[in-house]
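Report on the structure given below.
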Amino acid sequence: MRHLLDTAALGRDDVEELLDLTDAFVEVSARSVPKVPALRGRTVASLFFEDSTRTRLSFETAAKRLSADTMTFSVSSSSVNKGESLRDTALTIEAMGVDAVVVRHRCSGAPHRVASWIDASVVNGGDGWHDHPTQGLLDAYTLRSRLGPLDGCRVAVVGDVKHSRVARADVHALTALGARVTLVAPPTLLPPSLAGWPVEVSHDLDAVLGDVDCVALLRMQRERMTEALVPSLREYTSRFGLTAARARRLGPDVVVMHPGPMNRGVEIAPEVADDPRAVIVDQVRNGVAVRMAVLFRLLGAEARPVAEAADLTGRAGAEGAAPDPPRTGRSPRTPEPAEVPRG
Amino acid sequence: MAESLVLKGGRVLDATGERTADVVVVDGRIAAVGADLDADRTLDAGGCVVAPGLVDLHAHLRQPGREEAETVESGSRCAALGGFTAVVAMPNTTPAIDSAAVVREVQDLGRTALCAVHPSGAITVDRAGEVLAPMGEMADLGVRLFTDDGTGVQDDLLMRRAMEYAVGLPHDVVLAQHCENGRLAAGGHMHEGEWSSRLGIAGQPHAAEEAMVARDIALARLTGARIHMQHMSTAGSVAMIAEARASGLAVSAEATPHHMLLTHAECASFDPVFKVNPPLRTAADVDAVRAGVVAGTLDVIATDHAPHTQDTKDEPFDQAPPGMLGLEFALGVALAVLDLPLAEVLARMSWRPAAVVGLEDQGGPVEAGRPANLCVIDPAASWTVEPGATASRSRNIPYVGRTLTGRVRHTISAGEPVVVDGAAQR
Ligand SMILES: [Zn+2]
C-alpha cells in the first residue's frame, strides 16, 4: 500500500489489518510515555487547504507518537493564495524531503491529483464530499470495539449523505467488515444516484430505529436550508434528529456515533450526546491510533506482518529503546541504519 | 503564376459522389479534375480519399485574451492537421467577440492562419445575457453564427427578442445555443449521476441541458428563427431535436467527438482533462448521440476544441476549467465510433456545416473552378494518440492511448498545401 486515497479501494483484509494495527497503537497511546520510534527519521507533512484543526492535530499527534518529524502547511500561510497551482504546491512540499503528505482539500479528488505528481505517500485527510478514509476506519474501529465483529451488524447513517465524505467513508469501511448500512435522509440530502452502493435507503428514521445496532449521525450544515434542501432546521430535527424521545427507543447496547463537531439540538439532542451509548469521545481518541496505524502501514511496515508490528509497538516506549523498523527503500532521503534488526 | 499542384492517385469523394481522379490546383482554385494529370508539384494521394476540407462550427481559438492557451494561428494549425479548411471561432474571448471591432481583429488575425477563420459573434454584450449585441453590424462583416457559447442565454424573453431580431437581418444568420439552464447546472462539474455520486462531485443533470433545448425549440417555433443546438449530450435532447425536425422546424444540431466516445466514468480518475461542458454523460447518452448522428438528427459534427494550459488543468477537478482539445482528433474519433460510410461522415463534417453558416468556398464539390479547400484522408490508417501529440499551445488531450481510425495526410487551404504527409508546412 503506497497511498490511502479511497475507502472504497480497501478490501476486507486491508481494513482488518489496519484495525488490528490500531489495537496495538491504542495500547501505545495508553502508556505514560505514548511514543514509539517506528518512524524515526521520517517526515510527515500536513497539507491542509481547508481548516480542520481536529483532523490536523490528530494526524500530527499520530505522527509524533511514531517519532516522525512533522511539518504543517496550511493554506492561510501558503503561496496558494498567490495563485500557485496545486501541482506546484505539492512539488514544493515534496522538495522539502517528506515521506508522507496528509492532504485535506475542499475539492473531491485533490489528494488523488497530488498522488499523481509526487513520489511521497499521500493520505487523504478528507476531500470535498468524496472520502475521509481515516474517519471511516476510526468509526469502524470504534464500533468493533463496542460490538465485536461487525458481520450482520445494522447501522443507520442519518443525515446529509449527499455532501458527506464521512458518510461515503463509513459506508465502505463498515460494509467491508460485513455491516448492513441503511442511509436515512430526505431525497434532497441523498446522492443523486446510489447505483453500486451496498446500502439500503429509507426516508423515515422512526421506521428504522427499532432495528439498528448503531446510529451514525452526520453534521447538518446550516447552508442546506438556503439551498432549499430542507425547509427548516426545525423540520429537519423533527424528522431526522436523534431526539431524546427517539433515543429512548434504542436498546442499551445501541451505539451512537457522530464525527463532530456536533450541532447539539439539531441532529442530536444535548442529552443524547452525553448518553453512555454515545461514543463521540472514543471516536476522537481512536482517531489518533487509527492514524498511527495508517502512517505506520504506509511508511514503516510494507510487507511486514502485523504480528511483528504489534511486537514492535509492544517494546519499551522510550524513544531510542526499540529498533527502527525496516525501511521500504522507497525514500532515498533518509539514510539507512547500518544494521536493521528483525523482529 | 504560383506553382501548380496535383493530388495524384486518389479517390475523389464529395456530396456528388465518388470517382477516381487526379486533382490539379492552381492559384487557389481547382484547375482540373481527371485522369493522368500533371503539375509542377505532385502530392501522393494513393490509397486516400480527396475530399472537400472539413468545416468546424465550434472552435475556441482563445485569441484575443488567452494567447498562452491558444492563438488563432496555433489553433488553425491544429485545424489544418485535422483536415479542416475552415473553423468558426467561438466568441468567448477576452474581450468577447461582441462588436464589429473585435470581429475585425479576429478576421485580421485569421489572414495569416493555416485555414479560413470565421469569427462568430456573441448574442449578448460581453456574453452577459442582459443586452443584445450589435448582431447587424457583425453580420455586415460576414458573421453568420451568433452564440454566447460557454453559457446559454438564460433570460427567456431576451432569447425570444434575439430570435425575432435575427429574422429581420438582411443576412441569413443562425442563432446557436450552448444549452445549459444555469440554475439547474449551477455548481456542477460533471454529469449528475452514478459517478458524481460516488466521487462526491457536484453534478449537472440531464434536465439542465434539456430544459433549454425545449425552450429554444418553442421559441424557434414562435419566431421562425433558424437555430443551431451546440454540443448535444443527452438522449433526451436528441429525441426533442428529432421531433422538432420532423415537424419541419429549421433546427440544426452538433455532436462532438468526445460526446460520441467518452462517458462520465472517465472522471473516476479525478483528472480534469475529462472535465468538459456539457459534461461527459452516461453510456446510454453516448449511444443516443451516436445514433442521432447516424440518423442525421445531429447533422453536424463539431469539435468544441477548447484549449487550456497545463497550469489551469493542474488543479482539483472542481477548480479546473472545462474543455478538451479536439481539432486534430475529430475525424479519427468519428471514423472510429460511427457506423457510417465515409461519405456520410464527411457530410456531417464538411458540406453540412458549411451550409449551416453559408460558407460558399467550403464543402462544395471537387470540380474545376471551385476554391481549392481540400483534405486528403487515409481512411484505413490506424493510429494511437500520444501525449503531447498536438500543435496546440495546450495539452489537454482526452484521447491519449486510444487508437483512432483514419488520418489526414494532406490539407490544401485556399490552394496552399498547409499540411503535407501529416506535417504542418508553416
Ligand atoms: Zn459550449
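Just so we're clear, the structure is a prediction, and the values are computed from it rather than from any experiment. Residue numbers begin at 1 in each chain, while the letters A, B, ... track the order of the sequences.
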- Note: B/Asp314 and A/Ser85 closest approach over all heavy atoms is O-CB, 3.8 Å

- What pair of heavy atoms forms the shortest contact from B/Arg198 to A/Trp197, and how long is it?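 Distance-wise, the nearest heavy atoms are CG-NE1, 3.9 Å.
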
- With a cut-off of 6.0 Å (strictly less than), are more than 12 heavy atoms of other residues, nucleotides or ligands near CD of A/Glu227?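 More than 12 within 6.0 Å, yes.
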
Could you state the interatomic distance from [atom1] ([X]) to [atom2] ([Y]), rounded to the nearest 0.5 Å?
X        : Y        : atom1 : atom2 : value
A/His130 : B/Asp318 : NE2   : CG    : 12.0 Å
B/Gln319 : A/Leu86  : CD    : CG    : 7.5 Å
B/His189 : A/Cys107 : NE2   : SG    : 7.0 Å

- Query: Counting N and O atoms only, with roles assigned by atom type, does the side chain of A/Ser193 sit under 3.5 Å from a partner on the main chain of B/Gly193, one being a donor and the other an acceptor?
  - Reply: no

- Task: State plainly whether the residues B/Asp271 and A/Arg113 are in salt-bridge range, i.e. N to O under 4.0 Å.
- Result: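 Here B/Asp271 pairs with A/Arg113 in a salt bridge, since their nearest N and O are under 4.0 Å apart.
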
- Examine B/Phe317 together with A/His112 and report whether their ring centres are nearer than 6.0 Å.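 They do not qualify: ring centres at least 6.0 Å apart.
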
- Query: Any side-chain heavy atom of A/Ser108 within less than 4.5 Å of one from B/Ile201?
  - Reply: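 Touching, per the 4.5 Å side-chain cut-off.
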
- A/His163 portion near chain B, given a 4.5 angstrom heavy-atom threshold: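 Neither part, no heavy atoms under 4.5 Å.
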
